[in-house]
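Notes follow the structure.
Excluded from the calculations below are hydrogen atoms, water molecules and symmetry mates; all remaining heavy atoms, backbone and side chain alike, are included.
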Amino acid sequence: MAQKTLDFRVHIVTWNVATAPPPRDVSSLLQLDTSCTNTDMYIIGLQEVNSKILNFISDLAFDDPWSLHLMDILAPLNYVKLSSIRMQGLLLLTFVKHQHIPFIQDIRTNYIRTGLFGYWGNKGGVTIRMSIYGHMVCFMNCHLPAHMENANQRLDDFERMLDAQQFDDDSFGNMLEHDLVFWFGDLNFRISDFGIHFIREAINNNKYNLLWDKDQLNAAKKKEPFLQGFLEGPLKFKPTYKFDQNSDVYDTSNKKRKPAWTDRILWKLKDVSGSEAKDTESDFEQILKVTLEKYTSHMSYGISDHKPVTGAFTLQVISFMFIY
């Protein structure tokens with residue numbers, strides 16, 4: 001087969017929806033309001049989807065309101081729902097353009113609970129992995145523990161998920177053995193040390209860089225070995241938590257929580273620079289390159305105390321299948 005280079009565009013959404021139903025207009029969230037909509041795959045990770053017992057039972061029998069709403073929008077644009085995986089309030093949806101279906105293979109889904117010492121699914125991760133034109137790619141939507149003081153628990157939970165998450169065929173020892181891993185969700189990391197007035201002043205003056213070093217996740221990436229290699233775009237948008245509902249005003253309640261970049265999208269390519277990669281080289285060396293095209297929040301949505309975050313990526317793959 002002839003070698004071909006393919007640009008495969010993935011649009012990732014993460015949003016803690018605080019049990020709210022979907023808004024009517026999600027055009028900007030899905031990049032449908034731009035002149036050239038060329039997304040090949042949508043990965044939509046939601047947290048705190050309404051999981052009250054009656055809602056949850058109904059969603060088990062029928063598609064949940066978010067899935068139905070997104071299908072109504074995307075199906076006429078030639079997208080197919082590839083997968084839906086739910087663990088209580090965590091929902092991970094995958095939509096792909098119809099023409100790519102023959103080249104999306106080996107699809108597996110799973111979830112892992114971390115709430116109440118692993119017995120409760122209010123926190124944890126839902127995951128899908130698949131082969132995209134011959135490259136194994138894994139997407140994990142997480143909801144990690146809240147509050148400033150729980151940074152170490154967040155890190156411990158994610159490290160355990162990386163090690164423990166398995167799929168039915170058990171062909172990978174852990175998630176990081178995939179060619180590419182995307183990690184996103186309400187990761188709940190906060191801005192430490194600075195007071196609320198300094199943080200808000202920096203935000204009001206668009207000086208987000210003054211806050212980056214005190215972001216708990218940024219700090220952890222510099223010192224935690226298991227986070228080495230995880231990449232993220234620059235945080236050049238306002239912290240996405242916590243807002244008064246239906247507004248772009250930060251928390252005015254008695255708690256007055258400090259703004260934070262709780263909602264994040266990161267990725268990691270498998271390290272193939274060692275001797276193991278040399279041992280598995282073939283006549284056709286497969287290459288996977290990732291380019292972040294856009295990383296932003298969407299301030300116009302007010303149904304939740306979180307603002308949604310999106311990442312637009314181009315995966316440049318060398319494929320050895322005939323592409324129609």
Side-chain angles (χ1 to χ4, degrees), residues 1-13 30-32 34 36-45 63 67 70-71 73-85 91-110 126-141 165-184 231 265-272 277 280-294 310-324:
M1 293 182 185
Q3 177 176 308
K4 285 182 174 285
T5 300
L6 170 71
D7 285 343
F8 189 84
R9 295 171 178 86
V10 178
H11 187 78
I12 298 178
V13 177
L30 302 179
Q31 270 190 331
L32 299 177
T34 61
C36 115
T37 302
N38 53 10
T39 300
D40 296 295
M41 176 177 283
Y42 286 101
I43 302 288
I44 300 170
D63 277 320
S67 296
L70 291 166
M71 279 193 291
I73 293 167
L74 292 173
L77 300 176
N78 206 28
Y79 291 93
V80 177
K81 189 175 79 167
L82 191 68
S83 174
S84 171
I85 177 169
L91 178 63
L92 181 58
L93 300 169
T94 304
F95 297 88
V96 66
K97 274 283 181 74
H98 184 269
Q99 66 262 30
H100 298 299
I101 289 292
F103 310 108
I104 310 294
Q105 302 173 352
D106 197 17
I107 301 165
R108 300 286 188 276
T109 62
N110 210 337
V126 288
T127 309
I128 183 170
R129 83 98 187 275
M130 65 193 81
S131 170
I132 300 176
Y133 287 90
H135 299 270
M136 297 305 298
V137 183
C138 187
F139 301 89
M140 174 178 269
N141 171 30
Q165 182 68 88
Q166 298 286 324
F167 298 96
D168 290 342
D169 61 356
D170 206 26
S171 58
F172 291 85
N174 62 48
M175 280 179 53
L176 295 182
E177 292 183 15
H178 293 81
D179 296 322
L180 173 61
V181 174
F182 286 98
W183 171 39
F184 51 94
L231 303 175
I265 302 171
L266 296 89
W267 73 98
K268 181 176 182 177
L269 280 163
K270 184 178 180 181
D271 183 5
V272 294
T280 58
E281 283 180 353
S282 66
D283 292 336
F284 303 103
E285 182 185 358
Q286 287 197 326
I287 298 173
L288 177 62
K289 295 180 181 178
V290 180
T291 302
L292 174 63
E293 307 291 353
K294 189 174 184 181
T310 59
F313 296 86
T314 298
L315 312 188
Q316 188 181 75
V317 303
I318 290 182
S319 172
F320 308 105
M321 301 177 183
F322 184 77
I323 302 173
Y324 293 93

Assess the residue pair Arg129 and Asn110 against the criterion (side chain to side chain contact (heavy atoms under 4.5 Å, CB included)); give the C-alpha distance rounded to whole Å, side-chain angles, the decisive distance to 0.1 Å, and a yes or no. CA-CA 9 Å; Arg129 83 98 187 275; Asn110 210 337; over 6 Å; no
Please walk me through it: do Phe95 and Thr39 pass side chain to side chain contact (heavy atoms under 4.5 Å, CB included)? CA-CA 10 Å; Phe95 297 88; Thr39 300; over 6 Å; no
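Contacts of Phe313 classified as ring pair (Phe, Tyr, Trp, His ring centres under 6.0 Å), with partners at least two apart in sequence or in another chain: Phe182, Trp267. Remark: Thr291 pairs with no residue by the side-chain hydrogen bond (donor to acceptor under 3.5 Å, both in side chains) rule, at least two apart or across chains. With sequence neighbours excluded, the residues forming a salt bridge (charged side-chain N to carboxylate O under 4.0 Å, His left out) with Lys81 are Asp63, listed by chain and number.
With hydrogens and angles disregarded, no donor-acceptor distance shorter than 3.5 Å links the side chain of His135 to the backbone of Ile132. With Asn141 contributing its side chain and Ile44 its backbone, the two residues share no donor-acceptor pair below 3.5 Å.
Contact detail for Thr127 and Ile85: the closest heavy-atom pair is O-CD1, 4.0 Å. Across Ser131 and Met136, no two heavy atoms sit closer than the pair CB-SD, 3.6 Å.
Using a 4.5 Å heavy-atom cutoff, the side chains of Ile128 and Leu92 are in contact. Within the 4.5 Å cutoff, no side-chain heavy atoms of Tyr133 are placed close to those of Leu315. Arg9 has its side chain out of reach of Glu293: every pair of non-hydrogen atoms, C-beta onward, lies at least 4.5 Å apart. Between Val13 and Leu93, every side-chain heavy-atom pair lies at or beyond the 4.5 Å cut-off. In this structure, Thr5 and Gln316 have side chains that are in contact, with non-hydrogen atoms separated by less than 4.5 Å.
Summarising the geometry, atom CE belonging to Met140 is positioned 10.0 Å from atom CH2 belonging to Trp183; distances are rounded to the nearest 0.5 Å.
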